[in-house]
Amino acid sequence: MLPSNLHLYNTLTGKKEKFIPINTPHVGLYVCGPTVYSDAHLGNIRTFLTFDVVYRYLIHLGYKVRYVRNITDVGHLIDDADEGEDKIEKRARLEKIEPMEIVQKYTNGFHHTTDLFNLIPPSIEPTATAHIIEQIEMIQRIIDNGFGYEVNGSVYFDVKKYSSKHNYGELSGRKIDELLEQTRESLEGGNEKRFFADFAIWKKASKETIMKWNSPWGVGVPGWHLECSVMSTKYLGKEFDIHGGGLDLKFPHHECEIAQSVGADNVNPVRYWMHGNMLTVNGSKMSKSLGNSFLPMELVTGDHPLLDKGYTPMTVRFFFLQANYRSTVDFSNEALQASEKGLKRLMIAVENLNQIKVAKETTVDISTLISNCYKSMDDDFNTPITIAHLFDGVKIINLLLEGKETINVNDLEKLKTHFHTFVLDILGLKNEEANANSDLTDNIMEVVLNLRKNAKENKDYATADFIRDELNKINITIKDSSDGSTWNYEK
RNA sequence: GGUCGCGUGGCCGAGUGGCUAGGCAGAGCUCUGCAAAAGCUUCUACGGCGGUUCGAAUCCGUCCGCGACCUCCA
């Protein structure tokens, strides 16, 4: 497949740029993962889904992708200004178990959820606690380069000094001076920082803190932006291709990552920054604090005040893919129901590919369909347009099934391959219909359908309709066509 | 307050200076014993006001409304 014509929107430059890896065909992809102190909600999943499609498409194009997505299992603090209690430890105290039990519990839960939505696991899923030594080493490099200072057992990144030599704010468009003007009251009392924008890269631990480590600066925990810099550097190199994450991480998290990498190794770490936009509910960002978030299982069961009913994971996946990753998506029951029906139509078409009969001549345009799909994916992973093209393909498939158009062997093979590639491999959709029917049920249904066929031939429509209605009650749908009847079971 | 972004038809959601996005819903027709499915056809648009242009929903200005970030957050 390579070379590709992929273009992606680079948040760093604000433009769509042609994707040129540093070391073709290898691609380094880093995505900021979850902090495992509670269950991931649907908004979290959207971001990971975005990069799942990025990962899938890069692989499809022929790149050798190393996809690193971290698990944050220590160190993020509840309050602002680097004060307050560790989220994981707070949770551990509430649940009366060890912090690492919290970490394990919600890591397991996260993996379960990503499986549910058919997300491919990353190549490497490193944890912060397993890279304490590397973090200490990076802090030391930052200090050695004059961009970090120690105060009372904590180490801070010297933003003012950094910005005198480098461009702090290049990613987020923030300017130090402007940041200063909006200084908040949080700076008022007893802060160890020299400058309000400085951030902790090592934080002294209190006596009560359970998870803490020795360092040259005393016992403490690594700062919250550091792990990503460390682990991306370790597994992808000082400079790598794509860094992704939610838009809400752009500032300060990603800005700090850049500063740390430049501060430690004097290399701007990332070629292409990609940010996924937020999932909103009634126009506001979905978040736990607003109480408008739902958990994946609530979505499936429909057990939530905002949900009219349950939706399958693939419906949700499809729903997200029908919007551009750079736009906000507003949750609504109506939209989800529309996606449910649209997805069903698409998946049935994929299944029906096998029933298309081969002809001598091809009367449909397969190559345009195929190139359109590549064109839209190459345009910054434009999945909504790709799906629109796939629906053009659905129309073609249906016409072929009805015999209104024809297709030859080679083109049919192309069409099948194309749909399997785009729908299943790249968009990552899978058939959720209860298709694990046994031979026994198949045989029984054949008998039942034959009974009904006889009834119909005898114009005993009462019996025919009775059979259909009764099957309907147990979620089996009968469809009559000129070739006979087919059946379909749906939960 | 600062920075950035958004405002498209009944709903969701693309896109471009002039040519049908797509899905769902609605209407009509075809097929069908009926139904379902499917196919075909079809109706609602581009927040307000100015400006640039032969032509703007698309560019510029302005106003209104909404949101995100600026504190941990996907």
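Each chain gets a letter, A, B and so on, in the order the sequences are listed, and its residues count up from 1.
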[X] side-chain N/O to [N] phosphate OP1/OP2 under 4.0 Å:
| X | N | value |
| --- | --- | --- |
| Ser172(A) | U3(B) | no |
| Lys250(A) | A74(B) | no |
| Arg345(A) | G39(B) | yes |
| Asn382(A) | G15(B) | yes |
| Asn398(A) | A38(B) | no |
| Arg468(A) | A36(B) | no |
| Lys285(A) | G67(B) | no |

How is [X] classified with respect to the nucleic acid when contacts are heavy atoms under 4.0 Å: base, sugar-phosphate, or nothing?
| X | result |
| --- | --- |
| Lys395(A) | sugar-phosphate |
| Ala335(A) | sugar-phosphate |
| Leu279(A) | base |
| Gly43(A) | base |

message = Suppose you measure atom C1' in G5(B) against the same atom in U44(B); what distance do you get, rounded to whole Å?
response = 28 Å
ask   = Distance between the C1' atoms of G47(B) and U3(B), in whole angstroms?
value = 23 Å
Phe391(A) over G22(B), stacked by centroid distance under 5.5 Å, angle under 30° = no
Closest-nucleotide ordering on RNA chain B, the 5'-leading residue of Asp392(A) and Thr477(A) = Asp392(A)
query = Any side-chain donor-acceptor pair under 3.5 Å between Thr406(A) and Glu361(A)?
reply = no
So which nucleotide does [N] pair with, by the Watson-Crick or G-U wobble rule with both distances under 3.5 Å?
| N | answer |
| --- | --- |
| C31(B) | none |
| U44(B) | none |
| U53(B) | none |

message = Among C12(B), C70(B), G33(B), which nucleotide has an atom closest to any side-chain atom of Ser332(A)?
response = C12(B)
